[in-house]
Amino acid sequence: WAEPLAEGAVILRRRAREHAGELMRLVEEVSARNPFHHRITPGGHRMSVAMTNCGDFGWSTDSRGYQYSERDNASGLRWPAMPDRFRQLARECADEAGFAQFNPDACLINRYEPGAKLTLHQDKDEQDLKQPIVSVSLGLPAVFQFGGFDRGDATQRVLLEHGDIVVWGGPSRLRFHGILPLKPGIHPLTGAFRYNLTFRRAFR
Ligand code: MD3
Ligand code: FE
């Protein structure tokens, strides 16, 4: 069932649960070709979240900054194609949330180990900020922080659990958000990890 979180943000609780096995198998296929990697922020910090991508473009960060690129700088290889099942699920969920014709060209895959976190940030490296982002959470639960339009604004906390899908669009697209340090645990499908897939339209 769809619950609004804020204007433009809809949570589809457990929406991906029945697809989780297949999604994780595809995550394994992608990461077998372009392994998860702890990238370095422009400020010189190693990210606690390990990342890979699939699709025409992938998001990454290095000393030069944040960017979408056709190749993985770490390996020099192109990103693996976005599996049809990924694209189809992202599109269905965007439709359910009221964003028609979503056609992602990038899928960032984040892997969280115990203690891994994402500090409050905005996603604004995409060309058309009218396009939503669809996020799929798999494995261990995490506390998501959802803020306002300024870094210092109050934040709400939302638990994101295995199979939860959130569609972020409209005015919510530019809200600050982050993930608190992951609590250790064991999930039957993903073991000691949490995975998050974000489907994006990087370029018009
Ligand atoms: C709200 N990922 O990859 S997913 C990210 O769980 C990111 O890995 C988190 O933030 C994760 O950039 C959170 C939920 C999410 C994704 C994108 C958003 C929330 C968002 C974009 C705008 C507003
Ligand atoms: Fe983000």
Side-chain angles (χ1 to χ4, degrees), residues 3-13 15-16 20 23-24 27 30-31 36-39 41 47-55 57-61 65-68 79 86 89-90 93-94 97 99 102 104 106-151 153 155-183 187 190 193-202:
E3 266 173 68
L5 268 184
E7 200 184 337
V10 175
I11 179 161
L12 307 168
R13 286 217 159 90
R15 178 67 173 71
L23 297 177
M24 276 309 302
V27 166
V30 167
S31 64
F36 284 102
H37 202 81
H38 292 272
R39 291 175 202 281
T41 64
M47 293 188 76
S48 58
V49 177
M51 300 175 163
T52 188
N53 292 269
C54 60
F57 301 98
W59 185 91
S60 63
T61 169
Y66 306 139
Q67 69 228 281
Y68 280 100
W79 302 108
F86 278 18
L89 182 63
C93 292
F99 298 94
F102 181 52
C107 172
L108 170 64
I109 308 175
N110 292 334
R111 188 188 70 190
Y112 293 75
E113 59 198 59
K117 63 182 165 54
L118 208 53
T119 52
L120 279 183
H121 66 278
Q122 288 173 300
D123 288 22
K124 52 180 186 187
D125 298 324
E126 301 76 25
Q127 251 177 19
D128 180 3
L129 296 173
K130 290 194 170 58
Q131 295 286 330
I133 292 181
V134 175
S135 84
V136 181
S137 292
L138 295 170
L140 293 176
V143 180
F144 174 72
Q145 285 183 297
F146 191 35
F149 303 101
D150 290 299
R151 188 177 296 279
D153 290 350
T155 58
Q156 299 179 52
R157 290 178 176 198
V158 180
L159 190 66
L160 292 181
E161 297 177 282
H162 180 61
D164 288 349
I165 298 190
V166 193
V167 182
W168 312 89
S172 288
R173 182 68 175 70
L174 279 173
R175 283 184 189 263
F176 276 88
H177 59 278
I179 295 282
L180 296 185
L182 192 80
K183 288 206 181 84
H187 187 276
T190 66
F193 298 106
R194 168 180 187 259
Y195 293 86
N196 182 264
L197 281 53
T198 49
F199 294 93
R200 301 142 184 273
R201 183 80 200 176

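Each ligand, and each atom within it, is numbered from 1 in the order the structure gives. Owing to the predicted nature of the structure, the values given are computational and were not obtained by experimental measurement.
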*Asks:* Among all protein non-hydrogen atoms, which one is nearest to atom 4 (S) of ligand 1, and what is the separation to 0.1 Å?
*Replies:* N196 OD1, 3.5 Å
*Asks:* What protein heavy atom sits nearest atom 21 (C) of ligand 1, and how far away is it?
*Replies:* H177 CE1, 3.5 Å
*Asks:* Is it the side chain (CB and beyond), the backbone, both or neither of L108 that lies under 4.0 Å from ligand 1, heavy atoms counted?
*Replies:* side chain
*Asks:* Please state which part of H121 comes within less than 4.0 Å of ligand 1, counting heavy atoms only: side chain, backbone, both or neither.
*Replies:* side chain
*Asks:* For S135, counting its heavy atoms only, list the atoms of ligand 1 lying under 4.0 Å from any of them.
*Replies:* 4 (S), 14 (C)
*Asks:* Could you measure the distance from the OG atom of S172 to the CZ atom of F146? Nearest 0.5 Å is fine.
*Replies:* 4.0 Å
*Asks:* For ligand 1, which atoms have a heavy atom of Y112 less than 4.0 angstrom away?
*Replies:* 6 (O), 8 (O), 9 (C), 11 (C)
*Asks:* Quick one: do L89 and I165 satisfy side-chain contact (heavy atoms from CB on, under 4.5 Å)? Show the steps, please.
*Replies:* CA-CA 10 Å; L89 182 63; I165 298 190; 4.1 Å; yes
*Asks:* Where is the nearest protein heavy atom to atom 22 (C) of ligand 1: which residue, which atom, and how far?
*Replies:* R173 O, 3.1 Å
*Asks:* Could you check whether any side-chain heavy atom of I179 comes within less than 4.5 Å of a side-chain heavy atom of K117, counting everything from C-beta outward?
*Replies:* no
*Asks:* So which of F199, F57, W59, Y68 actually passes side chain to side chain contact (heavy atoms under 4.5 Å, CB included) with L108?
*Replies:* W59
*Asks:* Is the backbone of F102 close enough, under 3.5 Å, to the side chain of R201 for a donor and an acceptor to pair up by distance?
*Replies:* no
*Asks:* Calculate, to the nearest 0.5 Å, the distance between atoms CE and NE2 belonging to M51 and H38 respectively.
*Replies:* 10.5 Å
*Asks:* Does some side-chain heavy atom of I11 sit less than 4.5 Å from a side-chain heavy atom of L160?
*Replies:* yes
*Asks:* How long is the gap from CD on E161 to OG on S137, to the nearest 0.5 Å?
*Replies:* 9.5 Å
*Asks:* Between the candidates F146, W168, F176, Y195, which shows the shortest non-hydrogen contact distance to atom 14 (C) of ligand 1?
*Replies:* W168
*Asks:* What residue and heavy atom of the protein are closest to atom 7 (C) of ligand 1, and at what distance?
*Replies:* L118 CD2, 3.5 Å
*Asks:* Counting each atom of ligand 1 from 1 as listed, which ones have a heavy atom of I133 under 4.0 Å away?
*Replies:* 17 (C), 21 (C)
*Asks:* Of all the heavy atoms in D123, does at least one lie under 4.0 Å from an atom in ligand 1?
*Replies:* yes
*Asks:* Counting only N and O atoms by type, is there a donor-acceptor contact under 3.5 Å from the side chain of H162 to the main-chain atoms of L138?
*Replies:* no
*Asks:* By atom name, which N, O or S atom belonging to D123 lies closest to the Fe ion (ligand 2)?
*Replies:* OD1
*Asks:* Y195 vs F36 aromatic rings, parallel, tilted or perpendicular, using cut-offs 30° and 60°?
*Replies:* tilted
*Asks:* Which ligand 1 atoms are under 4.0 Å away from a heavy-atom of I179?
*Replies:* 6 (O), 9 (C), 11 (C)
*Asks:* Please state which part of S172 comes within less than 4.0 Å of ligand 1, counting heavy atoms only: side chain, backbone, both or neither.
*Replies:* backbone
*Asks:* Quick one: which ligand 1 atoms are inside 4.0 Å of a heavy atom on F144?
*Replies:* 13 (C), 14 (C), 19 (C)
*Asks:* Looking at atom 5 (C) of ligand 1, what's its closest protein heavy atom, distance included?
*Replies:* R200 NH2, 3.3 Å
*Asks:* If you check every N/O/S atom of H121, which is the one nearest the Fe ion (ligand 2)?
*Replies:* NE2
*Asks:* May I ask you to identify, for R194, whether its side chain, its backbone, both or neither come under 4.0 Å of ligand 1 on a heavy-atom basis?
*Replies:* side chain
*Asks:* Could you check whether the rings of H177 and W168 sit parallel, tilted or perpendicular, using 30° and 60° as the cut-offs?
*Replies:* parallel
